[in-house]
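The next block holds one structure in the form of structure tokens; read it before the comments.
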Amino acid sequence: MQATRDFSHYVRNLGSGLSRIDLAVEGVSCAACMSKIERGLSALPDVTLARVNLTDRRVALEWKEGALDPAGFIDRLAELGYKAYPFEPVRAETMENEQASFLLRCLGVAAFGAMNVMMLSVPVWSGNVTDMIPEQRDFFHWLSALIALPAAAYSGQPFFRSAFRAMRARTTNMDVPISIGIVLALAMSVVETIHHAEHAYFDAALMLITFLVAGRYLDQSMRRRTRAVAGNLAALRAETATKFVGADEISEVPIAAVQAGDIVLLRPGERSTVDGSVIEGQSKIDQSLITGETLPVKAGPGTAVYAGTLNLSGALRVRVSAASEGTLLAEISRLLENAVQVRSRYVQLADRAARLYAPVVHAAAVLTMVGWVALGASWHDAIVTAIAVLIITCPCALGLAIPAVQTVVSGAMFRTSVLLNSGDAIERLAEVDRVVFDKTGTLTLPELDVANAASIPTDVFDLAGRLALASHHPVAAAVARAANAKMPLAGVEEVTGQGVHGFVDGLEVRLGRPSFCGADELADDILCRDPEASVVAFHHGETRHVFAVRQRLRPDAARAVAALQQCGIGVEILSGDREPAVRHAAQSLGIQEWRSGVTPSDKIARIEELKRHSFRVLMVGDGMNDAPALAAAHVSMSPVTATHLSQATADLVFLGDRLTPVVDAISFSRKALRLMRQNLWLAAGYNLLAVPLAIAGLATPLVAAAAMSGSSLLVILNALRAHRGVRELS
Amino acid sequence: MEVLVFLVPLALMLGLLGLVGFLWSLRNGQYDDLEGAGWRAIADDDPIRENPAP
């Protein structure tokens, strides 16, 4: 049964006879790739548009409706040497894109306003000390008002909205003092203009907005970039299901096109991409990604199958169920919901700073006013001075202090292959003093590997690898992968449940069960030493070898764990796997604390216990059984191979086979937290210098403008230091 | 000083023109691929056909 590929789910109809599809493409890195792909695809007849987006690593394609099959584009890209897969933007990404273009529009408007008002302000400042006549000054002020009021009303929206939301929830954040500062500065300037006064602060208000929107845009664009990469990775995993479209007719469809009630075929060696229950067939399945248990379990009609389950031996027909039907999954969803609720109570550093800062400056302003009145100044002068205090303390630098560092650090993390899922994860990660690892797929590599490769001659290994390409069995697939085999042997036959055999140089070659290859003694020898391993035997003429295949620790796991322990971070393992396997991993990594056979709720219980002993826990896990624990922990990380649920729950995702990114992420975030605190102090210190000037009534608009841009630049320059990653832990 | 009467509106008009230009380029999707745009500028044009049209 050869399945056809059906990508019609991703094709959008643009009207006017055109169809469009977006593809995520792997390996596009330079201008040469860009023109190669665009030319290669445009050469196809009926293609009207082929455009590469190098930032997001995607290709947009448009063609005349009905003329071409989307699968053809993917084949064409494969011929050009690129792996591609249709891509459907998730809702979160679409929203982020809209938000980004809104922020950019605000930035444009604010920058336009600030520049033009500044053009009008400079003559006023110089005119005040020379010979400008009051009528001219008023004219310039009115003109400034005409530009500044609509510009600020539009471009200040991000702050006004956020401040309004915070106040309605009866809390305060950094946007509250910012909004108050902007509104008061503009209101006072209008009143002063009406009274033909010398000073107006239109330029300061707009400059403040410009700086802050720029900071916010940078922060957001970094997050958007990591999200695009994560979206591509998800698309390139190319999760498809083999769906029955007729009684015996199958079609390979993207999982987005599979609905509850559909029947899908799960062949041996395939990983399930759907949740459901078996309706026909007998097999052994590996549930390690879901439960952490590495020992295969029997599956027959009625057995529940979850996305991520690996089918080992026989073909299964699975009826797709609604996501919440499974008992395990329902339990996990419930735990997850509780854990997420608890975590949302974390207060970000910026908001904690704002809670301290806002009352202090507002009190200072009131005291200034009362003080001046007590000293005999008029009410008008006292109020103007008080508002000047608020303008000069308006937290421009404070508002930039944290986003600037976050932008730089998430860029640096991106380069060490760590993607940031949530903005405040950096702060939480920096406080970590206990790391809890899941074993299967986190400390170990997600794929099986040959453990005794060193003891097998290279030519035998190569031949076995080529032979293994003929089998779908995961253990054989591991041999093929380890041998880096590319060319399958011709004329190889599979004997169901036994192995594969063929002929090379006139001699029979076999790969499969030890009994199939007459290598029982060798296999028993290996199993005595390593009871956790799976064995596969090889036989060629008189040569017999046995491969021990098992889950292998990530190559740098021991080093990463040692690095963590060296700087006083406790490490422990919480695994759903059996005791011998967990003990073996813990011993070889030098981890004292470990627990085996742990259920999802036990994992949460352990994390709660650590929390009660005031540990800040980083949970690193990949399985579906880890998802609630990931949400319960102070901060969480997942490898990119993790199940969807865990990846969506984790604060950070790391790529690749190595575990070092976990250590790097902690050291980067510690540095980031230090810089954030420094920045907050810098900004506060700057205000401390400027406030006495304002209280004394000397804060002219010129001083306000200089103070604001000076402090903002200082904070941004300090944030750039995060770039040079001083590795604290490694 | 009468020169202000048309210099100031002129300056504002130019600024506004810049803003409109920026908003147009944003709507036109010119900020969607900042990395690629840089490379496109230096990429070779399509090769010119060998035999020019008669």
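Letters A, B, ... mirror the listed sequences (proteins, then strands); counts begin at 1.
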Could you go through residues 201-209 of chain A and list every donor-acceptor pair under 3.5 Å that involves a side-chain atom there, pairing it with any protein atom two or more places apart or in another chain?
unit_1	atom_1	unit_2	atom_2	d
A/Y201	OH	A/A699	O	2.6

(message) Quick check for you: to the nearest 0.5 Å, what is the distance between A/L420 atom CG and A/Q406 atom CD?
(response) 7.5 Å
(message) Could you measure the distance from the CE atom of A/M34 to the CD atom of A/E38? Nearest 0.5 Å is fine.
(response) 6.0 Å
(request) Determine which residues belonging to residues 109-125 of chain A lie within contact range of chain B, meaning some heavy atom pair is under 4.5 Å apart, and list them by number or answer 'none'. (result) A/V109, A/F112, A/N116, A/M119, A/L120
Could you check whether any side-chain heavy atom of [X] comes within less than 4.5 Å of a side-chain heavy atom of [Y], counting everything from C-beta outward?
X      : Y      : answer
A/V59  : A/L61  : yes
A/F102 : A/Q157 : yes
A/V25  : A/R58  : no

(message) Please enumerate all residues that pass salt bridge (Lys or Arg N to Asp or Glu O under 4.0 Å) together with A/R12, with sequence neighbours excluded.
(response) A/D22
(request) Establish, from distance only, whether the side-chain atoms of A/T55 and B/D33 form a donor-acceptor pair under 3.5 Å. (result) yes
(request) Could you list which of residues 13-23 of chain B have a heavy atom closer than 4.5 Å to any heavy atom of chain A, in residue-number order? (result) B/G15, B/L16, B/L19, B/F22, B/L23
(message) Counting only heavy atoms not in A/R20 (residues, nucleotides, ligands), do more than 12 fall under 6.0 Å from its CZ?
(response) yes
(message) When you measure from the side chain of A/S42 to the backbone of A/R39, do you find a donor-acceptor pair of N or O atoms at a distance under 3.5 Å?
(response) no
(message) For B/A11, which atoms come within 4.5 Å of any heavy atom of chain A: side chain, backbone, both, or neither?
(response) both
(message) For the interface with chain B, which of A/D56, A/V52, A/N97 has the highest count of heavy-atom pairs at distances below 4.5 Å?
(response) A/V52
